[in-house]
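Here the structure is laid out as structure tokens; the discussion comes afterwards.
Numbered from 1 within each chain, the chains take letters A, B, ... in sequence-line order.
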2 protein chains.
Amino acid sequence: MNINNEKDARQQIIITAAEELFAHFGLRKTTMEDIASKSKMGKSTLYYYFKSKEDIFAEVIHKESKILQGKLGKNIQLADTPQAKIDAYVYTRMKHLKKLSNYYLTLTDEYLEQYAFVEQARQHFLEYEMNSLISILQEGIEDGAFQVADVEETARAIAIAIKGLEYPLLIQKEPNDMESTITSMLNILFKGIESR
Amino acid sequence: MNINNEKDARQQIIITAAEELFAHFGLRKTTMEDIASKSKMGKSTLYYYFKSKEDIFAEVIHKESKILQGKLGKNIQLADTPQAKIDAYVYTRMKHLKKLSNYYLTLTDEYLEQYAFVEQARQHFLEYEMNSLISILQEGIEDGAFQVADVEETARAIAIAIKGLEYPLLIQKEPNDMESTITSMLNILFKGIESR
DNA sequence: ATTCGACTTAAATACGAAATGAGTCCAGAT
DNA sequence: ATCTGGACTCATTTCGTATTTAAGTCGAAT
């Protein structure tokens, strides 16, 4: 395991170097040479640890994604009611999004990179999101806190609304407050707008 | 007025020709020559009626936008409860969207055209959307049908959720049903997910 | 007032030459 | 055997320049 740790450590050095470079200069403008010199290795050494540049990029995305999922999981756990869990989920996601968007949301700096693995990462995250929401909803239903006709469709509806929140975050230059809009959306989600 | 009608008619011919060409080939691949020959006029004649190619494009977008607004207005009027009006609004918008997106939603065929007037048209439509939603909400509140803390924020929340619905419509190739997701979202909007 | 052919000019395209950078190979170090 | 990196290949990108295209103007004709 010692040898393997050593290998892992070197991989991490590479990924960390790549991460910073990608964040600064984007995928295209970052060369393997750059990553190598920042990692203090020869370029070919990178190819001992990773198959390709895309492979490194994929790892960076994967790592970022896991970090967000970690944060989300943690904050969901800390919240004690199903409502608070949803609040936590949405707020955590929104706060982290700007950073994550640097990597796998097409529109920010490198536009429309149609990499298959970016699409795949997005898909994976969507699955994670759906599962998280479904869990929370189900817990809420068992609690008696929520009343939902179709859990899956409801989760999808929430996911889509969150997606709508992403949009202004990505195109707007000034980071609009959003705060009150999110509050408003969550309020609708829980209470609806019909009189009762 | 006769003269003016004649002028309007010729403008309409040009706009219609341009519309079809833009829809087929996009803004960049459509030349003024193309528009002229489709309109059976000389190219310079176009400049008698319009200031520039962008100007024609702006008119096309404007016209499309007005058509959608007309449809929306009509269908809102036909619906008799506030709930039905919101239903009508959302469904009408979604049905029409694919077509409209050809013109002013960046992602479809000509990517990321950062034309100022496209952004402006979007902004105008958003204003229209907000006003429509605010009206419906206000009517619903007066009716006693709706109970809403902040009308404006609520309208914005709904607009954002609708924006989220657009996303899969634009990137997904197969026109997913969406039907049940929309139903689900509207259900949440009205009833919320909390037990009552 | 309206139309169009002829023209100008800026931008897009085409293309070959030069440079860059992803990925390979192999010899040598640990 | 596990690693490392210098030297290489070759596909892609960049660059400089010649050529074409197409937006927009002008002035004469109707």
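Between A:Arg28 and D:dT12, a side-chain N or O to OP1/OP2 separation shorter than 4.0 Å is absent. Contact annotation: A:Thr45 side-chain N/O to D:dC3 OP1/OP2 distance is not under 4.0 Å. Between D:dC3 and A:Tyr48, a contact under 4.0 Å exists linking OP1 or OP2 to a side-chain N or O.
Residue contacts shown for A:Ser44 include a base, since a base heavy atom lies under 4.0 Å away.
Side chain of B:Asp143 to backbone of B:Gly140: no donor-acceptor contact under 3.5 angstrom is found.
Rounded to an integer number of Å, the gap from NZ of A:Lys40 to C1' of D:dC3 is 19 Å. Taking atom NZ on A:Lys53 and atom P on D:dA11, their separation rounds to 18 Å, with Å as the unit. Put simply, OH on A:Tyr47 is 17 Å from C1' on C:dC26, counting in whole angstrom units. The separation between A:Met32 atom CE and C:dG21 atom P is 13 Å, rounded to whole Å. In this structure, CD1 of B:Ile13 is placed 13 Å from P of C:dT2, rounded to the nearest angstrom. Nucleotide D:dT21 holds its P atom 12 Å from the CD atom of B:Glu33, rounded to whole Å.
A:Arg156 has a carboxylate O that lies under 4.0 Å from a charged side-chain N of A:Glu152, or vice versa, which qualifies the two as a salt bridge.
Of the two residues contacting DNA chain C, namely B:Tyr49 and B:Lys43, the nearest-nucleotide position lying further toward the 5' end is that of B:Tyr49.
Using the six-membered ring where Trp is involved, B:Phe190 and B:Phe146 have ring planes that are parallel, under 30° apart on the 30 and 60° scheme.
Exactly one of B:Ile188, B:Leu189, B:Thr183 qualifies for a side-chain contact (heavy atoms from CB on, under 4.5 Å) with B:Leu186. That residue is B:Leu189.
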